[in-house]
Protein chains: 2
Amino acid sequence: MDEIDRTIVNLLRADGRTSYAELARRVGLTAPSVQDRVVKLERNGIITGYKAVIDSEAIGLGITALIGIIPDNSADHQDICERLRAIPQIESCYFLAGVECYQLKVRVPKMADLERLIHRVGAIPGVAQTRTTITLSTKWEDRQQPLPSDGEARGVD
Amino acid sequence: MDEIDRTIVNLLRADGRTSYAELARRVGLTAPSVQDRVVKLERNGIITGYKAVIDSEAIGLGITALIGIIPDNSADHQDICERLRAIPQIESCYFLAGVECYQLKVRVPKMADLERLIHRVGAIPGVAQTRTTITLSTKWEDRQQPLPSDGEARGVD
DNA sequence: CATGAAGTGGACGAGATCGACCGGACCATC
DNA sequence: GATGGTCCGGTCGATCTCGTCCACTTCATG
């Protein structure tokens with residue numbers, strides 16, 4: 001993971017369809033060696049995939065909401081997690097340090113779907129309470145910050 | 001936006017580097033016509049970009065936190081929004097219906113960075129209070145749900 | 001019957017990929 | 001301390017695939 005790798009990662013984060021030839025021009029190597037680096041980055045789990053970014057409203061998922069989950073004492077977290085994973089509308093799931101031990105980001109076409117979803121989550125054994133917040137607008141999402149250099153990341157303290 | 005477009009979008013969401021030739025084989029068209037469709041999807045704002053998915057821990061952003069913002073009465077939301085946008089560590093920013101009118105998802109290398117970040121956000125004019133929750137683990141993130149068909153999305157009620 | 005959207009097929013240039021080769025770093029041996 | 005083997009990362013060139021442009025066809029619509 002040197003400076004060239006970081007440049008490649010940054011370029012691919014900005015445009016996941018950049019060709020190896022183009023990457024090669026940008027970093028001053030040839031296409032095969034860039035490909036070699038990318039394959040290694042993928043194998044080492046640094047690049048975990050490539051995605052097209054879709055406008056969720058345009059595909060009929062106009063409603064985004066955040067759902068916090070407060071568990072009861074009997075909660076079996078592995079079971080809860082599996083049941084949450086089985087709900088396709090939950091796009092992200094974070095396990096938190098706090099009273100609300102999970103936060104879910106969900107997307108649905110209509111309010112009625114959100115209502116059904118909240119009831120479904122609330123019915124999971126071990127879930128004492130849920131707290132849902134509608135997002136009025138998404139200012140931005142999944143923006144990339146510049147990769148920290150080794151020094152910044154490892155801590156120079 | 002017919003069934004073929006939906007298939008293309010689903011394939012590109014799953015793997016943003018799928019070649020036009022491969023897409024063509026999957027949907028039973030030729031490469032030029034698939035390319036034509038993809039260009040239209042991009043122009044119509046349905047596909048807004050392509051990104052490599054990076055393991056944030058692997059690049060030194062090991063800490064993820066959610067920050068809620070409670071504004072005061074004098075809050076100028078446009079100004080707040082601009083100042084938030086200028087902070088690179090804020091990867092996502094949602095405007096919410098609730099007491100906490102923004103929620104931020106932030107990533108930093110170390111706890112000290114998070115502390116600095118919280119102070120910076122708290123110092124923005126119009127921000128009365130912030131509430132930060134550390135994520136202990138990300139169960140999953142930005143998972144794709146199957147595209148709703150026209151019927152489901154538009155509402156058949 | 002004219003028209004335009006959508007697809008096909010062919011052609012050509014660009015990109016991806018593979019094997020062979022090169023050079024420096026590292027290390028054990030003489 | 002010099003020698004030679006080995007590994008790693010890169011280049012080069014050949015070949016195959018892919019992307020892209022264009023002319024032509026088809027088909028539904030007005």
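Atoms considered below: every heavy atom in the structure, side chains included; atoms not considered: hydrogens, waters and symmetry mates. Proteins come first, then strands; the chains are lettered A, B, ... in the order of their sequence lines, and each starts at number 1.
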Check your understanding: Would you say B:Ser92's side chain and A:Asp142's backbone share a donor-acceptor pair under 3.5 angstrom?
Key ->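 Checked: pair present.
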**Study point:** Residue whose closest nucleotide on DNA chain D lies nearer the 5' end, A:Arg37 versus B:Gln35
**Key:**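 Result of the comparison: A:Arg37.
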Take the protein atom [atom1] of [X] and the nucleotide atom [atom2] of [N], then report the distance between them rounded to whole Å.
X       : N      : atom1 : atom2 : result
B:Tyr20 : D:dT20 : OH    : C1'   : 10 Å
A:Arg43 : D:dC8  : CZ    : P     : 12 Å
A:Asp36 : C:dA16 : CG    : C1'   : 14 Å
B:Glu22 : C:dA16 : CD    : C1'   : 15 Å

Practice item. Evaluate whether atom CZ of B:Arg17 has more than 12 neighbouring non-hydrogen atoms of other residues, nucleotides or ligands under 6.0 angstrom away. Key: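 Correct, the count exceeds 12.
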Check your understanding: Closest nucleotide of DNA chain C for B:Ile4 versus for A:Pro32: which of these residues is on the 5' side?
Key ->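 The residue closer to the strand's 5' end, by nearest nucleotide, is B:Ile4.
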**Study point:** N or O in side chain of B:Thr30 less than 4.0 angstrom from C:dG7 OP1/OP2
**Key:**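 No, because none of the side-chain N or O atoms of B:Thr30 sits under 4.0 Å from OP1 or OP2 of C:dG7.
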Nearest listed nucleotide, side chain of [X], among [options]:
X       : options                : result
A:Ser33 : D:dG10, C:dT8, D:dG19  : D:dG10
B:Lys40 : C:dT8, D:dG10, C:dA6   : C:dA6
A:Leu29 : D:dG10, C:dT17, D:dC18 : D:dG10

Review point. What nucleic acid atoms does A:Arg17 come within less than 4.0 Å of, heavy atoms only: base, sugar-phosphate, or nothing?
Key: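 No contact at all - A:Arg17 keeps every heavy atom at 4.0 Å or more from the nucleic acid.
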Review point. Is any side-chain heavy atom of A:Leu66 less than 4.5 Å from a side-chain heavy atom of A:Glu100?
Key: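 Side-chain contact under 4.5 Å: no.
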Point to revise | A:Tyr94 six-ring centre to B:Arg107 NZ/CZ under 6.0 Å and within 45° of normal | key: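 Not flagged: B:Arg107 not positioned over aromatic ring of A:Tyr94.
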